[in-house]
Amino acid sequence: MDIKLLLGKRIREYRKKYNMTQFQLAEKADLSEETVKNIELSRCWTSDKNLAKLTKALQVDIHCLF
């Protein structure tokens, strides 16, 4: 599986597990909603900085996303 697809899928799974909308996750991670949407839809790769913000917001270890 493509790594971008896997990352987007896992972020979406964890977001839904915590009953968050894309907007809520974006706010919690201090990112734009558009950024979260693009990552979940595998439209783009994200920076290490954004990935760190997402893992902190989702309270998961980065290894859980891959």
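Tyr18 and Val36 end up in the same hydrophobic cluster when Ile, Leu, Val, Met, Phe, Trp and Tyr side chains are linked at under 4.5 Å.
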For residues 55-66, dump all side-chain donor-acceptor pairs below 3.5 Å to protein atoms at least two apart in sequence or in another chain.
from: Thr55; atom 1: OG1; to: Leu51; atom 2: O; distance (Å): 3.3
from: Thr55; atom 1: OG1; to: Ala52; atom 2: O; distance (Å): 3.0
from: Asp61; atom 1: OD2; to: His63; atom 2: N; distance (Å): 3.0
from: Asp61; atom 1: OD2; to: His63; atom 2: ND1; distance (Å): 2.5

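Residue Asn50 holds its CG atom at 4.5 Å from CG of Leu31, rounded to the nearest 0.5 Å. Rounding to the nearest 0.5 Å gives a distance of 8.5 Å between CG of Leu6 and CD of Glu13. Distance CG/Asn38 to OG1/Thr46: 9.5 Å, rounded to 0.5 Å.
Partners of Glu27 by side-chain contact (heavy atoms from CB on, under 4.5 Å), not counting sequence neighbours, listed by chain and number: Phe23. Lys49 meets the side-chain contact (heavy atoms from CB on, under 4.5 Å) test with Ser47, Lys53; sequence neighbours excluded. Qualifying side-chain hydrogen bond (donor to acceptor under 3.5 Å, both in side chains) partners for Ser42, counting only residues two or more places apart in sequence or in other chains: none.
Ile11 places a side-chain heavy atom less than 4.5 Å from the side chain of Leu25. For the pair Thr21 and Gln24, the minimum side-chain heavy-atom distance is below 4.5 Å.
Residue pairs meeting the salt bridge (charged side-chain N to carboxylate O under 4.0 Å, His left out) criterion with at least one member in residues 34-48, sequence neighbours excluded, are Arg15-Glu40.
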Exercise. So Trp45 and Ile39, side-chain contact (heavy atoms from CB on, under 4.5 Å) or not? Walk me through it.
Worked result: CA-CA 7 Å; Trp45 186 247; Ile39 294 168; over 6 Å; no
